[in-house]
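Source: prediction; values computed, not measured. In what follows, every chain begins at residue 1, and chains take the letters A, B, ... in the order their sequences are listed.
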Number of protein chains: 2
Amino acid sequence: MRQRGITGAPATIRDVARQAQVSVATVSRALSSPNLVREETRERVLNAAAELGYQPNRAARGLITGRTGNLGIVVPDLDNPFFTGVLKAVQAAAVQADYSVFVADSDEDPVVEEKLVRTMAQQVDGLIVCSPGLSDAPLLEVAAKSSLVLLNRVLPDVPAALMNAANGIEQLVAHLAELGHERVAFLSGPDTSWSNTQRRNGLRAAAPKHGLTVTELGPYPPRYEGGVAAAEDVLGAEVTATIAYNDVMALGVLARLREEGVRVPEDMSLTGFDDLVFAGLCDPAMTTVAMPVREAGRLAVELLLAGPGEDDAPVRQEWLDTKLVVRATTAPPR
Amino acid sequence: MRQRGITGAPATIRDVARQAQVSVATVSRALSSPNLVREETRERVLNAAAELGYQPNRAARGLITGRTGNLGIVVPDLDNPFFTGVLKAVQAAAVQADYSVFVADSDEDPVVEEKLVRTMAQQVDGLIVCSPGLSDAPLLEVAAKSSLVLLNRVLPDVPAALMNAANGIEQLVAHLAELGHERVAFLSGPDTSWSNTQRRNGLRAAAPKHGLTVTELGPYPPRYEGGVAAAEDVLGAEVTATIAYNDVMALGVLARLREEGVRVPEDMSLTGFDDLVFAGLCDPAMTTVAMPVREAGRLAVELLLAGPGEDDAPVRQEWLDTKLVVRATTAPPR
DNA sequence: TTGAAAGCGCTAACAC
DNA sequence: GTGTTAGCGCTTTCAA
C-alpha cells in the first residue's frame with residue numbers, strides 16, 4: 001500500500017536509517033521520542049523520512065507496543081441516524097486523539113452482535129458497544145479481558161456513557177399535563193432494550209406526579225412499520241396523547257393516523273424520542289425528547305482513552321441530560 | 001485485549017504448540033492451511049487453541065503476509081443517510097469476506113479528506129473513497145500506490161462504482177413532460193461535485209428531447225438550509241416544477257415554499273435525488289430519483305477484492321442504474 | 001547521544 | 001506431515 005521511489009516497495013525504517021546515516025534505533029527515537037536525540041540528528045532523520053515518504057508500519061509497531069491505535073464501535077443499525085450520530089462523534093474524537101475507528105453493524109442480530117464484539121475486541125485498544133440485543137454474560141466476559149465502554153446500557157463495573165431519558169421524560173410529562181392531557185399511551189420498543197426499559201420506567205415514575213394515566217402498548221419493532229402497526233392499537237386505547245418509543249416509530253404512527261383521518265395534534269398528540277433530523281422536518285414537526293448523541297459519542301471515547309484509572313477508582317458510568325423539544329405534534333386535547 | 005487463564009497475557013501460537021505437543025509451524029498450518037496437516041493433528045491443535053482461547057494476532061500475521069485484513073471507507077458526512085447507506089452495505093460485504101472496515105468522516109473538508117485518505121491507505125488492503133471535495137491529483141497519487149475504488153467519481157484508470165443518474169433523469173424529465181410541464185428549475189449542488197455535474201449534464205441532455213426548458217439556479221449547499229435559500233430564487237424563476245440536487249435540499253425547498261403559501265404539488269411540482277427514507281415519509285411524500293446505494297457499496301467491495309486483475313485487463317468502472325420514484329410532490333401545472 | 005541486538009507473534013521457506 | 005529457522009518492521013533494553 002506504500003511505495004519507495006521506483007522500487008514499488010514501501011520505505012522501511014532501515015531505508016531511512018541508511019539515508020540519514022544513522023542507526024534504526026535513532027530513527028525510531030527521532031520519530032517517537034524526539035527529546036532523546038540531538039536536534040541536528042533529528043532533523044536529518046526527519047528530512048530523510050520525508051524524502052522517502054516513510055510511514056511507520058503500524059502493524060510492526062503494534063506488535064511490539066501491544067497497542068493498535070484503533071478503536072472500535074459496534075452498532076445495531078447504520079441506517080438509524082441515532083447510531084450514525086454517535087458514530088460521527090466517536091470518529092471525530094478518535095481522529096483527534098490519533099486513533100482510527102472500526103465500525104461493525106450487527107443488523108440487530110444478537111448472535112452476529114456477539115461475534116462482532118469478540119472479533120473486534122482483539123483488534124482494537126478499546127471498544128464501544130451499543131447493542132440493545134446482546135445479553136449480559138458475553139458482554140461481561142469481553143469487558144473482563146478488554147477495554148470496553150457501553151453506550152446506553154448499565155452493567156456492573158463496566159464504564160458507560162448514558163443518556164438520562166428520565167429528565168426528558170419528566171419534562172415531556174409536565175408538558176402534556178399542562179396541555180390538559182390525562183390519559184396517554186406508551187408505545188413500547190423491544191423488551192430487551194435497556195433504553196426501552198429506562199423510558200418506560202421513567203414514564204411510570206413521572207406520570208403519577210402529574211396526574212397522568214399511562215396505557216402501555218406493545219412491544220413493537222422500533223421502526224417505521226412498528227409505528228404503523230402500533231397506530232391501530234392506539235385508536236382503541238382511549239387516550240388523547242401517544243408517546244412512541246422513538247422518532248422513527250412515531251413517524252409510522254403519524255402516517256397511519258393520517259390515513260385513518262385522525263388529525264395530529266388536534267385529535268391526538270404524538271411524541272417521539274431521539275430528535276432525529278427528520279423529526280424537525282416532518283409535517284407537523286414532531287415534539288420529541290432530544291438525546292445527546294454527539295456528547296455521548298465524545299464521552300465514550302474519553303472513557304476509553306482515560307483507561308481503567310487507579311485500581312480503587314470507581315468505574316465511570318456517566319449520565320448525560322436529555323431535553324424536551326416542543327414542536328407541532330402536541331396540543332391540548334379536544 | 002486477550003487473556004490466557006489466570007496470567008492475563010493472551011495466548012500465543014507457542015502456547016498452543018506446547019499444549020498440542022507440536023511445533024508452532026504445525027499450529028500455523030492447522031489454522032491457515034488445514035489440508036497440509038494430518039486430520040488427527042489438526043484436531044489436537046484446534047482443541048488446544050480452543051482451550052486456551054487462542055486468537056491469532058493480526059498485527060503479527062499482517063506483518064509477514066503484508067495484508068491487514070482491513071478495508072477502509074472515507075465519506076464526507078456520516079449524518080447524510082446516503083453515505084451511511086453505502087457504509088452499511090460496504091461493512092456487510094466486508095464482513096462476508098472476513099474483512100473489517102475502518103470509517104473516516106471528513107466533514108466535507110477537502111484538506112481533512114486528503115489527510116484521511118492518505119493515512120488510511122496505509123492501514124488497509126483497500127480503500128473506498130466517496131469524496132466530492134477532494135481534487136484529482138492526490139487521489140491519483142494514492143491510487144497509484146494503493147488499491148483504491150472511487151464511488152461516484154470517474155478518474156482515468158481508477159476502478160469505480162458509479163450510479164448512472166442519467167437514466168433516472170431521463171425518466172424524471174419524461175414524467176414532468178407528460179404531466180404538462182414546460183419550464184423547470186434545477187437547483188444545483190456544489191460545483192466541484194461529480195454527482196452534481198452528472199445530474200446537471202443529464203438534465204441538459206434530456207430536457208430538449210422532451211420539450212423542457214431548464215433554468216439552472218445555484219449552486220447551493222447540498223443541505224436543508226441550502227434548499228430554504230434556493231426556494232426564494234425558485235419563486236422568481238417562472239417555472240412550474242423544481243428539480244433539487246438532492247432530497248435533503250428538496251426538503252428545505254418544501255418547507256420554505258409552504259411558509260410562502262405556495263402549495264406543492266398544486267402550485268409547484270418538486271423533486272429530489274437519492275430517495276432517502278424520509279423522502280417517503282415527508283408530507284407530501286417526495287417524488288425523487290432512487291440511487292442504488294446498497295448495490296454500489298457491495299460493488300465497491302467487490303471491485304476492491306477482485307484486485308487489479310490481469311495486467312492488460314481494463315480497469316473496471318461499473319455503472320448502476322437509477323430509477324424514478326413517483327410520489328406526491330409532482331402533478332400537472334396549473 | 002547513539003548503536004547493536006534482542007525480540008514482539010506470526011508465516012514461509014527449507015529440511016527431514 | 002512435521003519441525004527448524006529466518007525473518008516481517010519496529011521498539012527497547014543495554015552498552016558504549
Revision key, fill the gap. Which of D/dC10, C/dT1, D/dC8 is nearest the side chain of A/Thr12? It is D/dC10
Check your understanding: Is a salt bridge present between A/Arg118 and A/Glu114, judged by a nitrogen-to-oxygen distance below 4.0 Å?
Key -> yes
Revision key, fill the gap. Rounded to whole Å, the CZ-C1' distance (A/Arg14 to C/dG3) equals 13 Å
**Study point:** Spacing of B/Arg44 atom CZ relative to D/dG3 atom C1', expressed in whole Å
**Key:** 13 Å
Study note, to complete from the structure: Test side-chain contact (heavy atoms from CB on, under 4.5 Å), reference B/Pro138, set B/Asp136, B/Leu140, B/Leu134, output is B/Leu134
Review point. Looking only at N and O atoms, is any donor in the side chain of A/Arg58 or the base of D/dG9 less than 3.5 Å from an acceptor on the other one?
Key: no
Review point. Between B/Ser32 and C/dT11, does any side-chain N or O lie under 4.0 Å from OP1 or OP2?
Key: yes
Check your understanding: In whole angstroms, how far is the P atom of D/dC10 from the CG atom of B/Asn57?
Key -> 16 Å
Practice item. Take atom CD of B/Glu39 and atom C1' of D/dT2, then tell me their distance rounded to the nearest Å. Key: 16 Å
**Study point:** B/Asn35 atom CG, neighbour heavy-atom count above 12 within 6.0 Å
**Key:** yes
Exercise for review: Taking only the side-chain nitrogens and oxygens of A/Arg61, find out if one of them lies under 4.0 Å from OP1 or OP2 of D/dT11.
Suggested key: yes
Practice item. Kindly say if B/Ser23 contacts the phosphate of D/dT2, meaning a side-chain N or O under 4.0 Å from OP1 or OP2. Key: no
Study note, to complete from the structure: Whole-Å distance, B/Arg38 CZ to D/dG3 C1', equals 14 Å
Review point. Are any of the side-chain nitrogens in B/Asp79 or A/Arg294 under 4.0 Å away from the carboxylate oxygens of its partner?
Key: yes
Practice item. Measure from the side chain of B/Thr26, starting at C-beta and using heavy atoms only, and say which of D/dC10, C/dA4, D/dG3 lies closest. Key: D/dG3
Check your understanding: Looking at A/Thr41, does any N or O in its side chain come under 4.0 Å of the phosphate oxygens OP1/OP2 on C/dT1?
Key -> no
Point to revise | Under 3.5 Å donor-acceptor pair, B/Arg42 side-chain atoms to D/dG1 base atoms | key: no
Revision key, fill the gap. Rounded to whole Å, the CG-C1' distance (A/Leu36 to D/dC14) equals 14 Å
Check your understanding: Using 4.0 Å as the upper bound for N to carboxylate O, is an ion pair formed by A/Arg38 and A/Glu43?
Key -> no
Practice item. May I have the distance from A/Leu31 (atom CG) to D/dT12 (atom C1'), rounded to whole angstrom? Key: 15 Å
Check your understanding: Could you state the CZ-C1' distance from A/Arg18 to C/dG3, rounded to the nearest angstrom?
Key -> 16 Å
Revision key, fill the gap. Among the nucleotides D/dC10, D/dC8, D/dT2, whichever has the atom closest to the side chain of B/Val37 is D/dT2
Point to revise | Under 4.0 angstrom between B/Arg29 side-chain N/O and D/dT2 OP1 or OP2 | key: no
Practice item. Measure from the side chain of A/Ala25, starting at C-beta and using heavy atoms only, and say which of C/dA4, C/dT1, C/dT11 lies closest. Key: C/dA4
Review point. Where each residue is assigned the nucleotide of DNA chain D containing its nearest heavy atom, which of B/Leu63 and B/Val24 is assigned the position nearer the 5′ end?
Key: B/Val24
